[in-house]
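The structure under discussion appears below in the form of structure tokens.
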Amino acid sequence: MLETISQILQKETFTKNDLITLLSVKSPEAMQVILDKAYQVKSEMVGRKVYLRGLIELSNICSKNCFYCGIRMSNTKVERYTLSKEEVVEAATFAWKQGFGSIVIQTGEQKSNIFTQFVEELLLEIHSKTNNELTITLSCGEQSLEVYKSWRKAGAQRFLLRIETTNHELYYQIHPKDENHSFEKRIEAIKNLQSAGFQVGTGVMIGLPNQSIEDLANDLIFFKAMEIDMIGMGPYLEHSDTPLSSEKALLWPVDERFKISLLMIALARISMPDINIASSTALETIDLFGRQKGLLAGANVVMPNLTPVPSRVKYQLYNNKPNLDKNATLSVVSLQKIITEIGEEIAFNEAGNSLHFSNRQA
Ligand code: SAM
Ligand code: SF4
């Protein structure tokens, strides 16, 4: 088996069957061969540097009802909030002063003009208060092309919109089948983001009920075919107040979700060497060293949470979200420690743009 793995890893491009074989490895030795290859590719292409994106969870108000997500509209147990302009600008200024190259503004999906204009105002205000030195990523769901263009014009440079799964049938097992949760519209939104000039990130959840290894191989093929610049993906984790968490018999064992997540990061790095890949918080939820393991599997981005603690507690997508009680300063200190522990360094004051995006532009 080890010989087959090594032979596949020498190929320029992986077929779907290759990806399935690599994602199906069972022995720790075979897995390590794949992770080592990914780390070598990472070191050569993007270096052993970690880019920080300060995460600001703008609002937990959401108009959608994704079956997996703790802040879905129908979860009446959630106390809803939206951060004030001052709170957002304060968190962004903290990131800037700490030497983070960039921030991510993430939120439940809201399409009202009031909300989309609020985001636009935030972009302008943050840039003016931080000397235009922060790169801003948005993760604000599906919007019209006009809204995407207006946010791009107001100074957002990157956008994250996960496809969640590329299996059409599975997509409708984890979302209501209606106009508000259309698979086709999600793909169209990703294309619109590209045409609006963003560096575009997407990703999937790993270990969903009924998800197969073949589905995950198809996800990797999709990322490459779509010329994606960034990937944010991680294990699916249950939230007890959501419909998907009741499918107990279909849940993957947690350690399997973790292991396959690391393999997905590694294979994404090997097949798309110049993209940015995040080591997700969901990895840390399963394993105390999850973020480090993600970096060692080929990820190069970490997103420390800068949301004010009282609101952070209300933005729970899944159970056991980590760092709920840590203020921003503390989470930066602990991050610095875990990054130096694995022999990597934080790229302070660098935007850390996706090389793939620059290569695409060239
Ligand atoms: N509302 C926007 C959207 O859906 O694109 C952005 C915020 S949404 C909370 C960000 C991501 O959280 C989703 O794309 C989804 O993959 C992830 N997420 C939600 N619930 C999750 C869960 N139970 N386990 C793992 N990831 C989850
Ligand atoms: Fe809303 Fe995003 Fe959660 Fe879906 S994943 S319910 S769109 S916040």
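In listed order, ligands and their atoms are each counted from 1. Heavy atoms only: backbone and side chains are in, while hydrogens, waters and symmetry mates are out.
For ligand 1, the polar-atom distance check finds an N/O of Leu237 within less than 3.5 Å of one of the ligand's N/O atoms. Looking at Tyr68 next to ligand 1, an N or O pair under 3.5 Å apart turns up.
By the criterion of a heavy-atom distance under 4.0 Å, the backbone of Thr107, and not its side chain, is placed next to ligand 1. In Pro235, the part holding a heavy atom less than 4.0 Å from any atom of ligand 1 is the backbone. Counting heavy atoms under 4.0 Å from ligand 1, residue Glu164 touches it through the side chain alone. Here Met233 has no heavy atoms under 4.0 Å from ligand 1, in either its backbone or its side chain. Residue contacts with ligand 1, taken as heavy atom pairs separated by less than 4.0 Å, do not involve Phe67 at all. In Met205, the part holding a heavy atom less than 4.0 Å from any atom of ligand 1 is the side chain.
A distance of 11.0 Å separates CD1 in Ile221 from OG1 in Thr13, rounded to the nearest 0.5 Å.
Ion pairing between Glu344 and Lys42 holds under the 4.0 Å rule for side-chain N and carboxylate O. Salt-bridge annotation for Lys185 and Glu179: present, with a side-chain N of the basic residue lying under 4.0 Å from a carboxylate O of the acidic one. Taking the charged nitrogens against the carboxylate oxygens, Glu227 and Lys191 have no contact shorter than 4.0 Å, which rules out a salt bridge. Look at Lys49 and Glu345 and you find no salt bridge, because none of the NZ, NE, NH1 or NH2 atoms lies under 4.0 Å from a carboxylate O. Ion pairing between a basic and an acidic side chain is recognised when a charged N comes within 4.0 Å of a carboxylate O; Lys111 and Glu142 show no such pairing. Comment: Glu57 does not engage Arg312 in a salt bridge, judged by the lack of any side-chain N to carboxylate O separation of less than 4.0 angstrom.
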Throw together a table of side-chain donor-acceptor distances under 3.5 angstrom for residues 26-35, partners on residues two or more places apart or in other chains.
unit_1: Lys26; atom_1: NZ; unit_2: Ser24; atom_2: O; d: 3.3
unit_1: Ser27; atom_1: OG; unit_2: Ala30; atom_2: N; d: 3.0
unit_1: Gln32; atom_1: NE2; unit_2: Asp36; atom_2: OD1; d: 2.9

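In this structure, atom 17 (C) of ligand 1 lies nearest to the protein heavy atom Arg162 NH1, 3.7 Å. The single protein non-hydrogen atom nearest to atom 10 (C) of ligand 1 is Gln106 NE2, 3.7 Å, given as residue, atom name and distance. Atom 12 (O) of ligand 1 has as its closest protein heavy atom Leu317 CD1, 3.5 Å.
Atom 4 (Fe) of ligand 2 has Cys66 SG as protein N, O or S atoms under 2.8 Å away.
Under the 4.0 angstrom criterion, atom 8 (S) of ligand 1 counts as lacking any protein heavy-atom contact. Using a 4.0 Å threshold on non-hydrogen atoms, atom 4 (Fe) of ligand 2 counts as touching the protein.
Under the side-chain contact (heavy atoms from CB on, under 4.5 Å) test applied with Ser63, the options Gln110, Glu109, Arg72 reduce to a single match, Glu109.
Leu208 belongs to a hydrophobic cluster whose remaining members, ordered by chain and number, are Phe67, Tyr68, Leu170, Ile174, Met205, Tyr236, Leu244, Leu251; membership requires side-chain heavy atoms of ILVMFWY residues under 4.5 Å apart, directly or through intermediates.
Taking a cut-off of under 4.0 Å to the non-hydrogen atoms of Tyr315, the atoms of ligand 1 that pass are 7 (C), 9 (C). Of all atoms in ligand 1, numbered sequentially from 1 with element shown, those under 4.0 Å from a heavy atom of Tyr318 are 22 (C), 23 (N), 24 (N), 25 (C).
The side-chain hydrogen bond (donor to acceptor under 3.5 Å, both in side chains) analysis of residues 209-222, with sequence neighbours excluded, yields the pairs Lys16-Glu214, Lys16-Asn218, Thr166-Asp219, Asn167-Asp215, Gln173-Asn210, Ser212-Asp215.
Closest to atom 5 (O) of ligand 1 by heavy atom, among Glu142, Glu238, Arg186, is Arg186.
Between the side chains of Arg158 and Asn353, at least one donor N or O sits under 3.5 Å from an acceptor N or O. Judged purely by distance below 3.5 Å, without hydrogens or angles, the side chains of His168 and Glu184 pair a donor atom with an acceptor atom.
Using 4.0 Å as the threshold, Ser139 has a heavy atom nearer than that to some atom of ligand 1.
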So Arg269 and Tyr39, side-chain contact (heavy atoms from CB on, under 4.5 Å) or not? Walk me through it.
CA-CA 8 Å; Arg269 172 59 66 205; Tyr39 199 71; over 6 Å; no

